[in-house]
Amino acid sequence: MLIEKNKSLRDYNTFGINAMARAFVSIKSTEELNALLKSYRPSDLFILGGGSNILLTSSLDKLVVHINLKGISLISETDETVEVEVQAGENWHEFVMFCVDNDYGGVENLSLIPGNTGTAPIQNIGAYGVELKDVFISCKAVHMKSREMKEFTGEDCEFGYRDSVFKKSLKGQYIITSVRFRLTKKNHILHTSYGAISDVLSERNIESPTIRDVSDAVIDIRRSKLPDPDELGNSGSFFKNPVLGADEFKTFHERFPESPFYELSSTAFKVPAGWLIEQAGFKGKRFGDAGIHEKQALVLVNFGGASGKDILDVARRIQKRVKVLFDIDIEPEVNVI
Ligand code: EPU
């Protein structure tokens with residue numbers, strides 16, 4: 001186990017922020033992880049997955065532990081389904097491509113989401129009508145203090161919109177080491193009704209899409225709207241879409257009937273933060289090296305030399321303006337460190 005001192009984290013966060021870590025170690029086995037947890041207090045460690053959902057606003061005076069556990073194994077299968085276990089350090093999109101190549105259905109709508117498989121359950125990643133929880137069976141995680149391994153079922157994880165128990169009562173307590181998924185081998189249930197997907201499929205004259213067709217459509221849609229972190233630092237959606245209660249939504253809707261919205265229940269209405277931010281005039285704006293993506297206002301970008309604080313300043317400016325204009329609080333989806 002090689003512990004490096006004073007390491008730049010620029011290559012380990014998709015925003016490309018040049019923050020320093022006091023020390024850094026890449027973990028390749030659960031044995032190494034256990035040994036590390038024996039020697040350090042949880043408060044001395046910072047656990048890092050794919051770095052796709054963090055904004056580093058200062059240097060880290062901790063040992064950064066890069067979870068680099070690899071491997072995908074087939075646990076069991078029937079005629080209809082397959083159960084797969086994926087180690088936490090596997091890149092999420094590469095896992096999706098593994099599924100597409102093997103014609104395993106369930107995660108194709110989640111193509112091209114940045115980040116690692118082990119961190120995907122923490123915020124229950126989702127896109128185009130599918131969420132991780134729809135294919136999730138369980139995950140294994142080690143308790144940082146007691147070093148006990150625990151298996152969490154979907155129910156234990158308390159999944160919600162971009163949310164789970166790992167962001168709430170168990171925040172900072174466990175390190176997920178692997179995740180199990182149930183995928184279909186035939187009679188795939190495709191989710192193609194999402195506007196942009198059905199448009200791409202009909203443009204391509206595809207009437208009975210395969211898993212690969214859906215994945216290809218999602219990849220093209222994402223590429224057309226969302227910046228590639230390798231070219232322009234970003235962390236996907238920076239904000240969550242706010243969910244309004246019935247009264248709050250009624251007031252909002254009367255003032256802004258043109259706003260898109262999704263009725264989640266009779267008491268919960270989701271309003272796209274991207275729409276609010278665009279209406280507030282921020283889409284495509286640049287403040288020094290920090291800015292708002294020109295094609296999707298939910299995405300904040302680093303044009304090269306922005307610090308985490310520069311990005312956070314832009315985020316705060318947006319939050320304030322949205323509050324003044326719409327009386328709505330929008331909250332970051334990204335973890336601000
Ligand atoms: N909109 C605007 N302006 C914008 C962006 C969006 O007016 O700049 C409007 C769109 O016209 C549309 C509505 O907002 O009516 C929703 O837009 P879109 O379908 O692009 O989805 P979103 O709500 O902005 C969410 C996820 C994305 C995911 C897409 C597709 C969140 C926070 N974000 O975005 O997730 O890819 O749906 O399912 O829920 C991510 O988490 O990193 C991410 C990219």
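As the structure lists them, so they are numbered: ligands from 1, and atoms in each ligand from 1. Side-chain atoms are counted along with the backbone in the values below, which use heavy atoms only and exclude waters and symmetry mates.
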Is it possible for you to check whether Lys168 lies under 6.0 Å from the centre of the six-membered ring of Phe166, through NZ or CZ, and within 45° of that ring's axis? no
One finds that the ligand 1 atoms under 4.0 Å from a non-hydrogen atom of Trp275 are 1 (N), 2 (C), 3 (N), 7 (O)
Is Glu80 paired with Lys185 through a side-chain N to carboxylate O contact shorter than 4.0 Å? no
Would you check the N or O atoms of Ser235, main chain and side chain alike, for any that come under 3.5 Å of an N or O of ligand 1? no
Tell me whether ligand 1 is touched by Phe238 - counting only heavy atoms on the residue side and a distance under 4.0 Å. no
Atom 36 (O) of ligand 1: the protein heavy-atom neighbour that sits closest, reported with distance to 0.1 Å: Arg222 NH1, 3.5 Å
Would Ile330 end up clustered with Phe326 when hydrophobic side chains under 4.5 Å apart are linked, directly or stepwise? yes
Let's go through Met1 and Ser26 carefully: what are the C-alpha distance in whole Å and the side-chain angles of both, what is the deciding distance for side chain to side chain contact (heavy atoms under 4.5 Å, CB included) to 0.1 Å, and is it a yes or a no? CA-CA 7 Å; Met1 221 171 7; Ser26 189; over 6 Å; no
Heavy atom of protein closer than 4.0 angstrom to atom 11 (O) of ligand 1: no
Does ligand 1 have an atom that lies less than 4.0 angstrom from a heavy atom of Lys270? no
For ligand 1, which atoms have a heavy atom of Pro260 less than 4.0 angstrom away? 15 (O)
Over all atoms of both residues, closest heavy-atom pair of Glu333 and Lys167: O-NZ, 4.1 Å
For ligand 1, find out whether one of its N or O atoms is nearer than 3.5 Å to an N or O atom of Lys225. yes
Would you please classify the geometry between the Phe98 ring and the Phe95 ring as parallel, tilted or perpendicular, with 30° and 60° separating the classes? parallel
Is atom 16 (C) of ligand 1 in close reach of the protein, with a heavy atom under 4.0 Å away? yes
Are any of the side-chain nitrogens in Asp44 or Lys62 under 4.0 Å away from the carboxylate oxygens of its partner? no
So, for Phe136 and Cys157, which heavy atoms are closest and what is the spacing to 0.1 Å? CZ-SG, 3.7 Å
Quick one: look up the protein heavy atom nearest atom 38 (O) of ligand 1 and list residue, atom name and how far away it is. Tyr128 N, 2.6 Å
Indicate yes or no: does Arg204 engage Asp220 in a salt bridge with an N to O separation below 4.0 Å. yes
Are the aromatic ring centres of Tyr104 and Phe181 under 6.0 angstrom apart? no
Tell me which protein heavy atom sits closest to atom 44 (C) of ligand 1, plus the residue, atom name and distance to 0.1 Å. Ser237 OG, 3.3 Å
Between Asn241 and ligand 1, is there a nitrogen or oxygen pair with a distance under 3.5 Å? yes
Closest heavy-atom pair and its distance - Ser111, Ile219: CB-CG1, 3.8 Å
Per-atom contacts, ligand 1 versus Pro272 - under 4.0 Å to a heavy atom: 13 (C), 14 (O), 16 (C)
Subset of ligand 1 atoms that lie under 4.0 Å from at least one heavy atom of Gly236: 42 (O)
Looking at atom 41 (O) of ligand 1, what's its closest protein heavy atom, distance included? Arg162 NH2, 2.7 Å
Within 4.0 Å of some non-hydrogen atom of Tyr161, the atoms of ligand 1 are 31 (C), 32 (C), 39 (O)
Output field: ring centroids Phe252/Phe261 closer than 6.0 Å: no
Looking only at N/O atoms, are Leu298 and ligand 1 under 3.5 Å apart anywhere? no
Lys/Arg-Asp/Glu bridge criterion (N-O < 4.0 Å) met for Glu32, Lys28: no
Can you sort out which atoms of ligand 1 are near Phe239, meaning under 4.0 Å from one of its heavy atoms? 32 (C)
For ligand 1, find out whether one of its N or O atoms is nearer than 3.5 Å to an N or O atom of Tyr262. no
Among all protein heavy atoms in this structure, tell me which lies nearest to atom 29 (C) of ligand 1, with the distance rounded to 0.1 Å. Tyr194 OH, 4.4 Å
Counting each atom of ligand 1 from 1 as listed, which ones have a heavy atom of Lys283 under 4.0 Å away? 3 (N), 4 (C), 8 (O)
Using the side-chain hydrogen bond (donor to acceptor under 3.5 Å, both in side chains) rule, take Ser138 and Thr153 through it: C-alpha gap first, then chi angles, then the decisive distance, then the call. CA-CA 4 Å; Ser138 64; Thr153 63; over 6 Å; no
Near Glu333 (heavy-atom distance under 4.0 Å), the atoms of ligand 1 are 32 (C), 41 (O)
Is NZ or CZ of Arg286 both nearer than 6.0 Å to the six-membered ring centre of Phe303 and within 45° of the ring axis? yes
Can you pull out the closest protein heavy atom to atom 3 (N) of ligand 1? Residue, atom name and distance to 0.1 Å, please. Glu278 OE1, 2.6 Å
Answer yes if a protein heavy atom lies under 4.0 Å from atom 31 (C) of ligand 1, otherwise answer no. yes
Answer with yes or no whether His293 contacts ligand 1, where contact means a heavy atom under 4.0 Å from a ligand atom. no
How far is atom 8 (O) of ligand 1 from its nearest protein heavy atom, and which residue and atom name does that atom have? Ala297 N, 2.8 Å
Nearest-neighbour protein heavy atom for atom 28 (C) of ligand 1, which is reported as residue plus atom name and distance: Ala127 CB, 4.1 Å
